[in-house]
Engineer: 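One structure is given below, represented as structure tokens, and several questions about it will come after.
Each residue takes its place number in the sequence, starting with 1. Each ligand, and each atom within it, is numbered from 1 in the order the structure gives.
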Amino acid sequence: TSDVLISGGGIIGCACAYELAKRGARVTLLEYGKTGMQATNAAAGLLAPLGESGAPTAILRAGMRALREYPALVAELRERCGFDVELRDGILKVAFDEDESAALLRRFSWQRELGLTLDWLDGAMCRELEPRLSERVVAGVFSPQEAWVSNQLLALALERAARSYGAVIHERTPVARIRRRGGRIAGVAAGGEIYEAPVIVLAAGARSGQIAARMGIVLPVFPVRGQMVALGGMSAPIRHAVWGREGYLVPRANGLVFAGATVEHAGFRRRTTKAGVRAMRRMAATLVPQLAAATMPFEWAGLRPGTPDGMPFIGPIADTNVVAATGHYRNGILLGPLTGKLVAAGILDGDWSGVPDEFSPERLRAPIPSTA
Ligand code: GLY
């Protein structure tokens, strides 16, 4: 028996385990495979609230807060675990023609009011910043404060730090059965053991909808595949993350460039495809032509947890003892640590006020308001 039982050991589950255990809760986390090896692993680690937002939504506001809080978390984890999770900054978004440039300019016009530095660059200035960028780039926006992190090291650090505070984490432990008692979810049977807790956190990424259904809960989360390729064999040709219409390139500390990602509705099929890998290689070479000659040491894919309105589900599910922490779609690495804090405050202090209404798991149960 624990105070909190977490289903799912990706970035969200590990961040929840970390924040809860740090605050003294007895936490057990169950992961069906290996921690951090699903969507958390198939990410480039971009912390890009502006980059991901075409409109000033709740997710953008939460993302800005999450970005601000990252340096403190990174320092905290370095102290606790003894290794660095490679936080780097500077994202360049580029346009290849007048239409793309006009769209970028429209975004730039409202995003520059939000408090992060943003610089408008013409093509030559883009190439001054990134000399190997395509000659065809006509304009760009440089965002020096948006950042990226090694998502793999971050997941590992959160897991280690959670364990160091006493969290118990079981890998390769899929939920076999849900145990109910008196209309509540008492716990689960998994790996031949029974795990019980008064509160269950559902942080199972793309599989959250399926697990919720087994608990008798409707939570519309669906898989959205992203394929990525690692490019190498040359000294890293870019210094910043570079983002074009079809995808992004992220230089990693080990010299590889990660190129991603496709956005595909392919059910739970998690493999890469020839077409997907080709598209990502083409995208990379369009942005930085030199990358056409790169080696491709590996390729991989993951399933993002999508939701119908693109917003995550964070908070208690009415009339149950289940807390949702899922559906982060393209923003899991950015919002994961903040989600951990919000969930810990909600469960331990009863304070959910930090969670925007737009993220409430209840929102999709209410009738859709008329816009007439
Ligand atoms: N955050 C980027 C992606 O999901 O592709």
Side-chain angles (χ1 to χ4, degrees), residues 10-12 15 36-55 57-60 62-64 66-67 70 85-94 107 111 141 143 145-152 154-155 205-206 208 221-231 238 240-252 256-266 268 270 272-273 275-277 279-284 286-287 299-312 326-339:
I11 185 94
I12 311 295
M37 284 311 285
Q38 210 284 99
T40 296
N41 181 49
L46 287 172
L47 310 176
L50 302 178
E52 286 288 356
S53 298
T57 59
I59 208 159
L60 171 59
M64 301 272 283
L67 179 65
Y70 244 88
V85 300
E86 297 171 1
L87 181 65
R88 305 279 186 274
D89 47 39
I91 299 181
L92 175 64
K93 252 196 165 165
V94 298
R107 242 189 210 226
Q111 289 195 338
V141 171
S143 177
Q145 289 153 316
E146 287 184 288
W148 70 95
V149 75
S150 165
N151 36 297
Q152 289 84 6
L154 177 65
S208 298
V221 181
F222 49 84
V224 184
R225 184 168 66 188
Q227 301 188 44
M228 306 211 30
V229 299
L231 301 172
I238 47 172
H240 306 97
V242 176
W243 205 326
R245 192 165 52 89
E246 310 282 349
Y248 44 79
L249 304 174
V250 180
R252 305 290 287 222
L256 294 176
V257 173
F258 284 180
T262 63
V263 178
E264 303 164 84
H265 297 269
F268 283 90
R270 218 176 84 174
T272 56
T273 63
V277 168
M280 288 304 100
R281 288 216 65 151
R282 199 170 44 231
M283 177 278 292
T286 303
L287 287 169
E299 63 199 54
W300 73 121
L303 304 174
R304 305 177 185 87
T307 64
D309 60 3
M311 302 279 168
T326 188
H328 292 67
Y329 187 41
R330 295 177 60 103
N331 292 287
I333 307 299
L334 173 64
L335 294 180
L338 174 61
T339 301

Engineer: Numbering the atoms of ligand 1 from 1, which are under 4.0 Å from a heavy atom of A261?
Structural biologist: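 Matching atoms, with element in brackets: 5 (O).
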
Engineer: Can the ring centres of W148 and F258 be said to be less than 6.0 Å apart?
Structural biologist: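 Ring centroids of W148 and F258 are no less than 6.0 Å from each other.
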
Engineer: Does E264 reach the main-chain N or O of G226 with its side chain, forming a donor-acceptor pair under 3.5 Å?
Structural biologist: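 Flag not set: sc E264 to bb G226 has no pair under 3.5 Å.
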
Engineer: Starting from atom 3 (C) of ligand 1, what is the nearest protein heavy atom, named by residue and atom, and what distance separates them?
Structural biologist: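 Of every protein heavy atom, Y248 OH, 3.2 Å lies nearest to atom 3 (C) of ligand 1.
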
Engineer: Nearest protein heavy atom to atom 4 (O) of ligand 1, by residue and atom, and its distance?
Structural biologist: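 Result: R304 NE, 2.7 Å.
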
Engineer: Do any N or O atoms from the side chain of Q111 and from the backbone of S53 form a donor-acceptor pair under 3.5 angstrom?
Structural biologist: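 Yes; at least one donor-acceptor contact below 3.5 Å.
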
Engineer: I want to confirm something. Looking only at heavy atoms, which of H328, M228, R330 is nearest to atom 1 (N) of ligand 1?
Structural biologist: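 Heavy atom nearest to atom 1 (N) of ligand 1 belongs to R330.
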
Engineer: For H265 and F222, take the angle between the two ring planes, folded into 0 to 90°, and tell me which bin it lands in: parallel under 30, tilted 30 to 60, perpendicular over 60.
Structural biologist: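 Rings of H265 and F222: tilted, as their planes differ by 30° to 60°.
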
Engineer: At a non-hydrogen distance cut-off of under 4.0 Å, which region of Y329 contacts ligand 1 (side chain, backbone, both, or neither)?
Structural biologist: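 Under 4.0 Å from ligand 1, Y329 contributes no heavy atoms.
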
Engineer: Is the backbone N or O of L303 less than 3.5 Å from a side-chain atom of Q38, with the two atoms forming a donor-acceptor pair by type?
Structural biologist: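 At least one qualifying donor-acceptor pair exists.
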
Engineer: Taking N or O atoms only and a 3.5 Å limit, does E52 qualify as a polar contact for ligand 1?
Structural biologist: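 N/O-N/O distance below 3.5 Å exists for this pair.
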
